[in-house]
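Just below is one structure, and these are the notes that go with it.
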Amino acid sequence: MNTPLLQVQDLRVTFTTGRGAVHAVDGVTFDVGAGEVLGLVGESGSGKSVTLRAIPRLLHDNAAVSGRVLWHGQDLLTIPDERLRAIRGGQVAMVFQEPMSALNPVLPIGMQIDEVLVAHTDMDRAARRRRAIELLGLVGIASAATRLDQYPHEFSGGMRQRAMIAISLAAQPALLLADEPTTALDVTIQDQILTLLLQLVSELGMAMVLVTHDLGVVAETCDRVAVMYAGRLCETGPVELVFNRPRHAYTDALLRSMPGDGAAGAMLTPIPGQPPRIDSPVPGCAFAPRCSYAEPRCTTERPVLTAYAPGHDSACYAATRLPARVEEGAA
Amino acid sequence: MSRGAWLVSRLLQMVPTFLLIGLAVFVLARLLPGNAVMALLGDRGSDEAVARLTRQLGLDQSIGMQLLAFLESVLRGQFGTSLAFRIPVTRLIAERLPVTLMLTGMAIVIALALALPLAFVAALKVNRWPDLLIRGVFQVGLSSPIFYVGLVLLTVFAAWLRIFPVGGYGDTFAEHIYHLFLPAVTLAFSLSAIVMRNLRASILSVIRAEYVDFARAKGLRSRVVLLRHVLRNALIATVTLVGLHIGSLLGGAVITETVFAVPGVGRLMVDSIFARDYPVIQALTLVLAVLVSLAFLVTDLVQMWLDPRVGR
Ligand SMILES: Nc1ncnc2c1ncn2[C@@H]1O[C@H](COP(=O)(O)OP(=O)(O)OP(=O)(O)O)[C@@H](O)[C@H]1O
Ligand SMILES: [Mg+2]
């Protein structure tokens, strides 16, 4: 395997808040290969958004970030601002969850595309305008030329998200970080947007980290998956392997709680209990209190990431005791 | 609704406003102690003279007729003759108004020139020493009465250091600016403090907005992020605030012009009240009210320019 595009190594993010420190991300490690789609899943509050925003250093002053985020071998967490700026938007672009709040309400859409082109290309004004029209066409916005002069509030929800995707794609990045790009939208258009995104990713040969709650989406669309729990990475690996042969008790529980997961006769089992508070990190595995496979050392010793197959890592003492979900050779 | 339609309706809204102001001034004149005839003739007028003047001024007519006559003369721009200066009120105001407009205009420019950059510095260094220092200094500005600020500036810069004149207005434009500088700074004091506080708070909230993070994620230079994305949105709230303060700024002009002996309408207002110069008081009240309405209109226009969601 050649070197991955992006390597996140032992990423930690601690927020200083009025009520003390919050360890939102606590030692997360994963890779994204060129052209690969990685699904990042986990319960609400598990640190998916914080992880994603830490990659291009978008977190604010109250966040202490450590670890390494290697992009083509250079650590994004330590490179000078000037170099980072060229990478942000130019090579690593982001799609936010809420297009309404992520688009600037007082600037026309055209200008919001144009400024990316100004920052990352040396096209002249006319070329930039042609490119902006082309981009809106690419994301399926009709009568692009008039749309350029309109403001976000003149777009529908789905159109706004299309516009944000167009902005993110403007400088032809190699990696797209998409944080639940469809959850703010009507159910009827969620599918359209996701389909569009995946189609663009494969057409343009981009890699993507897709944060989602929907395991069904991961199963259908991602090459690899990373599962997070309470700020920690539980398991990462190729989707097929992780879904068929989970090596982490939390992944196992997640898959069981998923309706219509395709496993014959599998009952929907909600995970009992609540995610832990992340202001006081536990010494052992964060999932142990809710885990039906827990053994004594799970609450005292923190399991480390261990490889169970090439590219399939998990941090769980019960890894080998977990049942395979799909029988070898079954459909 | 199109922007044009919005603008027309915004202008039409001013008609009832002006009518109400006119009515208020009309009623006010009749509520003041004494009446115009007494004021004109003093205590010495004979009964016959009083009766003649009452008829001349139309005060024997019904109150409705008087109101109509008043509105008509206002529309024709006729406010009568000043009792104290014995020249047409219109001419008197035309001489004095530019002085006050220049004073308040300079005050606004000075206030914004101070407040905008300092609000930015304070917000970007929030709770660190530059922020604390700026807030501390402006807090003093906010809590000092305007006549006190005026007197201090006057004593230090005019009387001791002799950098600026003690009063007056000068003859050329450059002289006007020179003479009005201290009064304008005095007037700008509290406005700049208010604008600074408001803008700082509004920058602090805008800077956390998702679209600012998105702007950073696009790889824009921090100057572009700050000016195009942060400042513009932060200004929307502040512009309204400045507009709302034009009224009190004109009130402040009354005090400032008195302290610095500036021959503007503020000073004229004070003199006229002491002299019971009713025609001037009436006209000035009307003019100032119209000015404030116009300031609100300008505020709305700037708002419309800053925020495309207004009026659509
Ligand atoms: N700026 C911040 N200051 C303090 N705590 C924060 C901040 N941002 C996030 N957190 C905390 O970090 C934890 C992880 O948040 P994050 O938004 O990454 O969760 P998530 O996995 O994206 O959840 P969701 O699926 O609901 O989007 C949460 O407990 C959250 O409260
Ligand atoms: Mg999130």
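Values below: all heavy atoms of this structure, side chains included; hydrogens, waters and symmetry mates excluded. A, B, ... follow the sequence lines: proteins, then strands. Residue 1 opens every chain. Quantities reported herein were computed from a predicted structural model and do not represent experimental measurements.
Legend: residues meeting side chain to side chain donor-acceptor pair (under 3.5 Å) with Q190(A), ordered by chain and number and at least two apart, are absent. Judged as a ring pair (Phe, Tyr, Trp, His ring centres under 6.0 Å), and not counting sequence neighbours, H245(B) has no contacts. The side chain to side chain donor-acceptor pair (under 3.5 Å) check on Q13(B) picks up nothing, with sequence neighbours excluded.
Within 6.0 Å of the CG atom in D124(A), the count of heavy atoms belonging to other residues, nucleotides or ligands exceeds 12. For R128(A), the CZ atom sits in a packed shell: over 12 heavy atoms of surrounding residues, nucleotides or ligands are nearer than 6.0 Å.
Along residues 198-216 of chain B, the residues that come nearer than 4.5 angstrom to chain A, judged on non-hydrogen atoms, are I207(B), R208(B), E210(B), Y211(B), D213(B), F214(B), R216(B) in order of number.
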R309(B) and V106(A): CA distance, side-chain angles, deciding distance, side chain to side chain contact (heavy atoms under 4.5 Å, CB included) verdict | CA-CA 7 Å; R309(B) 290 163 297 182; V106(A) 303; 4.0 Å; yes
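Of the two parts of P56(A), neither the backbone nor the side chain holds a non-hydrogen atom closer than 4.5 Å to a non-hydrogen atom of chain B. Interface remark: I167(A) contributes side-chain atoms only to the contact with chain B (heavy atom separation under 4.5 Å). For a residue to count as touching a neighbouring chain, one of its non-hydrogen atoms must lie under 4.5 Å from one of that chain's; by this rule R57(A) touches chain B with the backbone only. For M100(A), no part lies near chain B; criterion is any non-hydrogen pair under 4.5 Å. With a 4.5 Å cut-off on non-hydrogen atoms, Q112(A) touches chain B through its backbone and its side chain both.
When all heavy atoms of R128(B) and D61(A) are compared, the pair lying nearest together is NH2-OD2, 4.5 Å. Shortest non-hydrogen contact noted between G219(B) and A119(A) is O-CB, 3.9 Å. Listed here is the closest heavy atom pair of P105(A) and P308(B): O-CG, 3.5 Å.
Ranking R53(A), E82(A), R85(A), M94(A) against chain B, the residue ahead of the rest is R85(A), based on heavy-atom pairs under 4.5 Å. Among the candidates A86(A), G90(A), A171(A), A102(A), the residue making the largest number of heavy-atom pairs closer than 4.5 Å to chain B is A102(A).
R232(B) has its side chain out of reach of N104(A): every pair of non-hydrogen atoms, C-beta onward, lies at least 4.5 Å apart.
Note: L107(A) CG to N233(B) CG = 7.0 Å, rounded to the nearest 0.5 Å.
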